Amino acid sequence: MRQINDVHVAEPGLAVVEVAAADDQTAFALQEVLATRWATATADRTTRVPGVRLRCYLDLRQELGT
């Protein structure tokens, strides 16, 4: 995965979440749960280094659900 850039966490409420999972289905399921709660820049693919990895970006300032 690429290095996390300072702009991704430049302000309070911004977060980068890296998921390590056994398979794509599990990684995307967790991303979906996060996206139902907060504004999320979702990933459309995973990497394998080792195992399945996925990174998404959250804006916790913009709560979408309860």
Side-chain angles (χ1 to χ4, degrees):
M1 291 199 148
R2 293 183 181 171
Q3 192 171 10
I4 296 171
N5 191 311
D6 288 344
V7 73
H8 297 134
V9 292
E11 299 176 29
L14 299 179
V16 177
V17 176
E18 289 190 354
V19 177
D23 56 38
D24 286 347
Q25 183 179 358
T26 303
F28 286 121
L30 178 59
Q31 177 180 253
E32 186 176 323
V33 169
L34 294 172
T36 63
R37 174 83 180 172
W38 296 289
T40 308
T42 59
D44 58 354
R45 64 181 178 84
T46 58
T47 59
R48 287 163 170 61
V49 281
V52 173
R53 306 279 180 174
L54 177 138
R55 179 184 291 170
C56 59
Y57 303 91
L58 302 180
D59 186 342
L60 303 176
R61 304 168 299 181
Q62 299 179 25
E63 189 170 326
L64 299 179
T66 56

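Fair warning: this is a prediction, and the values are worked out from it, not measured in the lab.
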query: Going from CD on Glu18 to OG1 on Thr47, what distance comes out if it is rounded to the nearest 0.5 angstrom?
result: 8.5 Å
field: Pairwise distance CG(Leu58) to CG(Leu34) - rounded to 0.5 angstrom
entry: 5.5 Å
Heavy-atom side-chain proximity of Arg55 to Val19 below 4.5 angstrom: no
query: Taking atom CG of Leu60 and atom CD of Glu11, what is their separation to the nearest 0.5 Å?
result: 12.0 Å
- request: Evaluate the side-chain proximity of Leu14 to Arg61: yes if any heavy-atom separation is below 4.5 Å, no if none is.
  value: yes
Residues forming a side-chain contact (heavy atoms from CB on, under 4.5 Å) with Asp24, sequence neighbours excluded: Phe28, Thr46, Arg48, Val52
field: Gln31 to Leu54 - nearest heavy-atom pair and separation
entry: OE1-CD2, 3.6 Å
Which atom of Cys56 lies closest to which atom of Ala41, heavy atoms considered: CB-O, 3.4 Å
field: Contacts of type side-chain hydrogen bond (donor to acceptor under 3.5 Å, both in side chains), residue Thr42, not counting sequence neighbours
entry: none
